[in-house]
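Only one structure is covered here, and it is reproduced in the block below.
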Protein chains: 2
Amino acid sequence: MSDVARLAGVSIKTVSRVVNDEPAVHPKTAERVLAAIEQLGFRRNLGARNLRRGSTGTIGLIVEDVGNPFYSELNRAVERIATAHDRHVLTGSCGEDTERERELVYEFSSRRVDGMLVVPAGDRHGYLLPEMRAGTPMVFVDRPPGDIVADTVLVDNFGGTVQAVRHLARHGHRRIAFLGDRPDVFTATERLRGFREGCLQAGLRYDERLAVLRTPTLESVTDVVNRLLRGPKRATAVIAGNNRVAVHLLRALAHVTPRPAVVGFDDFELADLLNVTVIAHDVGRLGEAAAELLFGRIHGDDSAPRKVVLPVHLAPRGSGEVAP
Amino acid sequence: MSDVARLAGVSIKTVSRVVNDEPAVHPKTAERVLAAIEQLGFRRNLGARNLRRGSTGTIGLIVEDVGNPFYSELNRAVERIATAHDRHVLTGSCGEDTERERELVYEFSSRRVDGMLVVPAGDRHGYLLPEMRAGTPMVFVDRPPGDIVADTVLVDNFGGTVQAVRHLARHGHRRIAFLGDRPDVFTATERLRGFREGCLQAGLRYDERLAVLRTPTLESVTDVVNRLLRGPKRATAVIAGNNRVAVHLLRALAHVTPRPAVVGFDDFELADLLNVTVIAHDVGRLGEAAAELLFGRIHGDDSAPRKVVLPVHLAPRGSGEVAP
DNA sequence: ATGAAAGCGCTAACAG
DNA sequence: CTGTTAGCGCTTTCAT
């Protein structure tokens, strides 16, 4: 910047004024400065600016995996809102690893992001209190934080799964299996709760052997399929606890007959062509709602922590409407 | 930091030493400093540090859309390599908008990212030369830059499409349609080139009315399907120029009989279950190769610009193996 | 309309 | 093993 000032024959402060579109600078001078900037290929150092100003113009987004379509859609929505607020997004994947989540939070905190959106892993988040008190707003997305109260945007996990069970029961199923993510993932246990409640409401005996929570991989899901969805005492329907489970389940079921009825939680691309009935919700809205809430906080809203629960709806596409 | 120093009764420099794990600090002193840090909830300001040191510990990634599964997988791979090099990733979507791409480049440049990975839009990238000369390494991913020579990592678009045509011809198809992205997208024209060459090699007359390049939306693709893939003079096979085209094509074809043979370029999730034959390549490797190349540059490798072309392979799954 | 000086929070370079 | 000084590149404050 001092180079530009020298070349334009003005003070460094004038260059700063031009770069920041501040008024009260003579057009002729501005022109000279602009020319010098162009000639030198000057680009102002935002790091230095932020050091002086405080805000960095960035927000952090911590998810399980930016490559998972669910989170990438969330990422896109957050980016959209951030751009509208003239901010940039620093992303990080923690892969359900609470230690990695912590590292990312501290890292982003050190980078002085203006706020953070977190899909929390695990159930202990007391460590975030100091960061929040220090003035970094945090909004939790898709899952609530473990042991603190803070802004959270969720979808109706419980209600959605109750609905799924009811739907299957209405089509005549009495033995329904539930296959969810690890039990330390909030949405998994919440949907399992919905599953039990759904069984209860439908007058089905809840059989805990039919409910399995574990990390979804093709192997683990195939294993469960072989145990619960084949043979004479098999379940005739199955609920996939999230989009990962659903994808693996479809592969595992490819050559299984008779094919059980399937309802998935979370919509996913091409589910329509595969005729997969799902409990759908709008991931874009989830991200937007959370980001807007965060920017509200960044802009000074200090009302009580809010909890937003977005609706879900059942999208019948065939797989959930077959008889036992 | 000065607060910590005061509380611990040491100089600010000692705190800096502790925070940076520099040797030559008495364990007892370090302990006192650590305690003070804990008590104050101190988190060092990386912005200030970077101002002094030069490197910011970030790289920029500019793609068309972080929500597109293709790019999110790329994003994940880049993040993996960045993490291994102890860096963080700043992402931005430009949606094929050259102006937005420029803004993002300038923005990231102002933020002094240590390097940038760019999936370039359009065909004019001379504006990047000053940035590159100023010392920001750039690596182009999936497409080459327009009018400059620089590190680029691509997949074999041409060869892959030649292979697709050959495959369809071998199964008896003589009228093959090609449906690609906008003509200003490098991969689209490159794959179109492969399509022509493939027709030539297979002894088919290249009929330009069967090759359509435009923004893939369900509407545009449906329109083309109705024009080219129905009626007595219809094409009996179609090549989808990328994953977006393929997805829309599958929907558009859902109720079309007789169903044409389909080969897609780019693999995508669930393509296997939908029996879609594709020209597959490893997006993860694409991202990793590009990121590794970038970090090579960041670490001082100033050899001649490299061009890496990753292989593709045909994955036959049914849709490409049907007779006319 | 412009500029000089101070300082944001940190680290490099040099003492001690 | 520890501290002092200067300065990274910018903006703020106050003069002119």
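All chains are named by letter (A, B, ...) in the order of the sequence lines, taking the proteins before the strands, and each is independently numbered beginning at 1. Side chains are part of it too, since the values below use all heavy atoms of this structure and drop only hydrogens, waters and symmetry mates.
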Note: for B:Ala48 and B:Pro27 on DNA chain D, the residue whose nearest nucleotide lies more 5' is B:Pro27
_Taking the basic N atoms (NZ, or NE/NH1/NH2) and the acidic carboxylate oxygens, is any pair closer than 4.0 Å for B:Glu96 and B:Arg143?_
yes
Whole-Å distance, B:Lys28 NZ to D:dT2 C1', equals 17 Å
Note to self: Would you say that more than 12 heavy atoms from the other residues, nucleotides or ligands in this model lie under 6.0 Å from the CD of A:Glu22, or not?
What the structure shows: yes
Whole-Å distance, A:Arg44 CZ to D:dC8 C1', equals 17 Å
From NE2 of A:His26 across to P of C:dG3 the rounded distance in Å is 13 Å
- Message: Is it true that B:Glu101 and B:His125 share a donor-acceptor pair across their side chains at a distance under 3.5 Å?
- Response: yes
By nearest-heavy-atom nucleotide on DNA chain D, the more 5' of A:Asn20 and B:Ala30 is B:Ala30
Rounded to whole Å, CD of B:Glu31 lies from C1' of D:dC1 at a distance of 16 Å
query = Is B:Arg17 touching bases, backbone alone, or none of the nucleic acid, heavy atoms closer than 4.0 Å?
reply = base
message: Any side-chain to backbone donor/acceptor pair from A:Arg52 onto A:Asn50? Under 3.5 Å, distance only.
response: no
Whether the side chain of B:Thr14 engages the backbone of B:Val10 through a donor-acceptor N/O pair (distance < 3.5 Å, no angle test) should be reported. no
Looking only at C:dA4, C:dT11, D:dC10, the nucleotide nearest the B:Lys13 side chain is C:dT11
* Asked: Reckon B:Val10 touches a base, only the sugar-phosphate, or nothing at all at heavy-atom distances under 4.0 Å?
  -> sugar-phosphate
Within the structure, does a side-chain N or O atom of A:Arg49 lie under 4.0 Å from either OP1 or OP2 of D:dT11?
yes
Of A:Ser11 and B:Val15, the one whose closest nucleotide on DNA chain C sits nearer the 5' end is A:Ser11
field: NZ or CZ of B:Arg87 within 45° of B:Phe295 ring axis and under 6.0 Å
entry: no
B:Arg52 CZ to D:dG7 C1', in whole Å, measures 5 Å
Between CG of B:Leu40 and P of C:dG9 the distance, given in whole Å, is 13 Å
Ranking C:dG9, C:dT11, C:dG3 by distance to the side chain of B:Asn45, first place goes to C:dG9
Side-chain atoms of A:Met1 come closest, of D:dC14, C:dC10, D:dC10, to D:dC10
In whole angstroms, the gap separating P of C:dT11 from CG of B:Asn50 amounts to 9 Å
Please check the phosphate of D:dT12 (OP1 and OP2 only) for any side-chain N or O of A:Arg53 closer than 4.0 Å.
yes
Check: Within the structure, does a side-chain N or O atom of A:Thr14 lie under 4.0 Å from either OP1 or OP2 of C:dG3?
Finding: yes
_Between B:Ser16 and C:dT11, is there a contact of a side-chain N or O with OP1 or OP2 at under 4.0 Å?_
yes
Testing C:dG9, D:dC1, C:dT11 for proximity to the side chain of B:Thr29, the answer is D:dC1
Checking C:dC8, C:dT2, D:dC10 against the side chain of A:Leu51 (C-beta onward), the nearest is C:dC8
Whole-Å distance, A:Glu22 CD to D:dT11 P, equals 8 Å
